[in-house]
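Heads up: the structure comes next, in structure tokens.
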Amino acid sequence: MPSIVDRLMHKIRRALQHGRQLFKVLHQFSQLQAQPNPRFLVEWKDRWLHLRDATATTGFDRHYVFHTAWAARVLAEIRPTRHVDVASSLYFVSSISAFIPTQFIDFRPAQLGLSSLTCDAGTLMQLPFTSNSVESLSCMHVVEHVGLGRYGDAFDYDGDIRAVTELIRALAPNGHLLLVVPIGGESRIQFNAHRIYTHEQVLSMATGLDLVEFALIPDDGSSEGLVRNAAPAQAAMQKYGCGCFHFVKRAHS
């Protein structure tokens, strides 16, 4: 554990770095104001400083970049005629609606005006679809939140199980479900943010479904950000990985 001196020195270094960056930005601002033939109005009151963006690489949220990239690739492979997404990333539905007619369902509906994309109000506890009717369905980085009260929903310890059950109810026989949740070697709740599941837990919720693919976004993405067709043993090595499950609903016998 760092000592008090170590922590103090770290704060001093951060302050010096911040000061150098601010000095550089002030110099750049003065250069802008000194332009002999200005095309833009430059005033200090309009400043919008970003002092930490000059990084060696572009940072990003690995879970959200990779799980939506995985889902888009799966949809490009299965080519559904229509896709329904429940409460996942708006960036995802906005993008895939360019090549797949898409319906987005959320209990806090988004006001997006895009062709081939409709946005409707609905809840994971009661989806606005008849049973066995949806050909292609996704619910990604969502069910782990259900029932924890974070987004104003009713508190329900088993809310995630009820949500997955409702997704399965709406899914058509031979229909595809893309389900994404945090995954690790130990199931736990990080209250009131989300649940983290084991691979086995997710499969146990997927009653009547067959697993087509399990993809993994591991904790350490230094070598590979998205591992398609990952092994369950790889999921068990994670603390806060991201599990991407492609299921197909079994046809009625």
Open item on the list: For Tyr157, is the OH atom crowded, meaning more than 12 foreign heavy atoms sit under 6.0 Å from it?
Closed with: no
TODO: Please check if the side chain of Gln238 supplies one atom and the backbone of Asp219 the other of a donor-acceptor pair under 3.5 Å.
DONE: yes
Open item on the list: Quick one, Phe104 with Asp106, criterion side chain to side chain contact (heavy atoms under 4.5 Å, CB included). Give me CA distance, side-chain angles, the key distance, then yes/no.
Closed with: CA-CA 7 Å; Phe104 177 70; Asp106 200 312; 3.7 Å; yes
- [ ] Could you go through the side chain to side chain donor-acceptor pair (under 3.5 Å) check for Ser138 and His83 one step at a time?
- [x] CA-CA 8 Å; Ser138 60; His83 184 74; 2.8 Å; yes
TODO: Compare all side-chain heavy atoms of Val180 with those of Trp70 and state whether any distance is below 4.5 angstrom.
DONE: yes
TODO: Give the C-alpha distance, both sets of side-chain angles, the deciding distance and a yes or no for side chain to side chain contact (heavy atoms under 4.5 Å, CB included) between Leu167 and Val86.
DONE: CA-CA 9 Å; Leu167 290 166; Val86 183; 4.1 Å; yes
TODO: Would you confirm whether Arg73, through its side chain, and Ala69, through its main-chain N or O, come within 3.5 Å as a donor-acceptor pair?
DONE: yes
Task: side chain to side chain contact (heavy atoms under 4.5 Å, CB included) against Met125, all qualifying residues, sequence neighbours excluded - done: Thr123, Val146, Arg162, Ala163
Open item on the list: With a 4.5 Å cut-off on side-chain heavy atoms, are Ile196 and Lys239 touching?
Closed with: no
Open item on the list: Are Leu226 and Ile78 linked, directly or through intermediate hydrophobic residues, by side-chain heavy-atom contacts shorter than 4.5 Å (ILVMFWY only)?
Closed with: yes
TODO: Please answer whether the main-chain N or O of His67 pairs with a side-chain N or O of Arg62 as donor and acceptor at a distance below 3.5 Å.
DONE: no
Task: Within-4.5 Å side-chain heavy-atom neighbours: His10 and Arg14 - done: yes
- [ ] Take the angle between the ring planes of His176 and His246 and call it parallel below 30°, perpendicular above 60°, tilted in between.
- [x] tilted
Task: Expected output: side-chain Glu135 to main-chain Thr81 donor-acceptor under 3.5 Å - done: yes
TODO: Take His63 and Phe66 through the test ring-ring contact (aromatic ring centres under 6.0 Å, His included) and record every step on the way to the result.
DONE: CA-CA 6 Å; His63 277 221; Phe66 284 119; 9.6 Å; no
TODO: Please report the shortest heavy-atom distance between Pro218 and Gly225, naming the atom on each side.
DONE: CD-O, 3.5 Å
Open item on the list: Is there a path of hydrophobic side-chain contacts, each under 4.5 Å between heavy atoms, that joins Val93 and Leu178?
Closed with: yes
TODO: Taking all non-hydrogen atoms of both residues into account, name the closest pair between Ile217 and Cys244 and its distance.
DONE: CD1-SG, 4.2 Å
Task: Donor-acceptor side-chain pairing of Glu186 and Thr198 below 3.5 angstrom - done: no
Task: Heavy atoms of other groups near Arg188 CZ, more than 12 under 6.0 Å - done: yes
Task: Residues Val248, Leu209; criterion side chain to side chain contact (heavy atoms under 4.5 Å, CB included); working and verdict - done: CA-CA 5 Å; Val248 169; Leu209 305 181; over 6 Å; no
Task: Interatomic distance, His141 atom NE2 to Thr68 atom OG1 [nearest 0.5 angstrom] - done: 10.0 Å
Task: Non-hydrogen side-chain atoms of Leu112 and Leu90 separated by less than 4.5 Å - done: yes
Open item on the list: One thing to verify: whether Arg228 and Glu213 come together as a salt bridge, which I'm taking to mean a side-chain N less than 4.0 angstrom from a carboxylate O.
Closed with: yes
Open item on the list: Looking at Thr55 and Thr58, would you say the former's side chain and the latter's main chain have a donor-acceptor pair under 3.5 Å?
Closed with: no
Open item on the list: Just so I know, are the side chains of Lys249 and Leu177 near enough to count as touching, which here means a heavy-atom distance under 4.5 Å?
Closed with: no
TODO: Scan side-chain atoms only and decide if Asp120 and Gln103 contain a donor-acceptor pair under the 3.5 Å cut-off.
DONE: yes
Task: Joint hydrophobic cluster, Ile105 plus Met140, side-chain heavy atoms closer than 4.5 Å - done: no
Open item on the list: Minimum heavy-atom separation for Phe129 and Ala170, please, with both atom names.
Closed with: CB-CB, 4.2 Å
- [ ] May I ask you to test the Arg195-Val181 pair for a side-chain heavy-atom distance under 4.5 Å?
- [x] no
TODO: Kindly assign one of parallel, tilted or perpendicular to the pair Phe245 and Phe214, based on the angle between their ring planes and the thresholds 30° and 60°.
DONE: tilted
Open item on the list: Within the supplied structure, the quantity of interest is the number of heavy atoms (other residues, nucleotides, ligands) at a distance under 6.0 Å from Tyr91 OH; does it exceed 12?
Closed with: no
Open item on the list: Please report the interatomic distance OG(Ser131) to CD1(Ile168), rounded to the nearest 0.5 Å.
Closed with: 12.0 Å
Open item on the list: Nearest 0.5 angstrom please: Asp85 CG to Phe92 CZ, how far?
Closed with: 6.0 Å
- [ ] Could you grab the distance from atom CG of Leu148 to atom CD of Gln190, nearest 0.5 Å is fine?
- [x] 11.0 Å
Open item on the list: If you compare all heavy atoms of Ala110 against all heavy atoms of Cys119, which two are closest, and at what distance to 0.1 Å?
Closed with: O-CB, 3.2 Å
Open item on the list: Side chains of Leu114 and Ser94, heavy atoms from C-beta outward: is any pair under 4.5 Å?
Closed with: yes
Task: Residue pair His194, Tyr240: steps toward the ring-ring contact (aromatic ring centres under 6.0 Å, His included) verdict - done: CA-CA 11 Å; His194 51 241; Tyr240 179 65; 5.1 Å; yes
Between side-chain atoms of residues 26-37 and protein atoms elsewhere (two or more places apart, or another chain), which donor-acceptor pairs fall under 3.5 Å?
unit_1 : atom_1 : unit_2 : atom_2 : d
Ser30  : OG     : His27  : O      : 2.6
Gln33  : NE2    : Val42  : O      : 3.4
Gln35  : NE2    : Gln31  : O      : 3.4

Open item on the list: Using only atom types and a distance under 3.5 Å, with no angle test, would you say the side chain of Asp158 pairs donor to acceptor with the backbone of Ile161?
Closed with: no
TODO: List for me each residue that meets side chain to side chain contact (heavy atoms under 4.5 Å, CB included) alongside Ile4, sequence neighbours excluded, and say none if there are none.
DONE: Arg7
Open item on the list: To the closest 0.5 Å, what do you measure between OG1 (Thr102) and CG (Leu117)?
Closed with: 6.0 Å
TODO: Take the angle between the ring planes of His145 and Tyr151 and call it parallel below 30°, perpendicular above 60°, tilted in between.
DONE: perpendicular
Task: Euclidean distance, Met9 CE relative to Lys11 NZ, rounded to 0.5 Å - done: 13.0 Å
Open item on the list: With a 4.5 Å cut-off on side-chain heavy-atom distances among I, L, V, M, F, W and Y, is there a chain of contacts connecting Leu179 to Leu216?
Closed with: yes
Task: Joint hydrophobic cluster, Leu171 plus Leu211, side-chain heavy atoms closer than 4.5 Å - done: yes
Task: Full working for side chain to side chain contact (heavy atoms under 4.5 Å, CB included) between Arg13 and Leu16 - done: CA-CA 5 Å; Arg13 285 193 292 269; Leu16 289 172; 5.6 Å; no
Task: Ser136 and Val84, any side-chain heavy atoms less than 4.5 Å apart - done: no
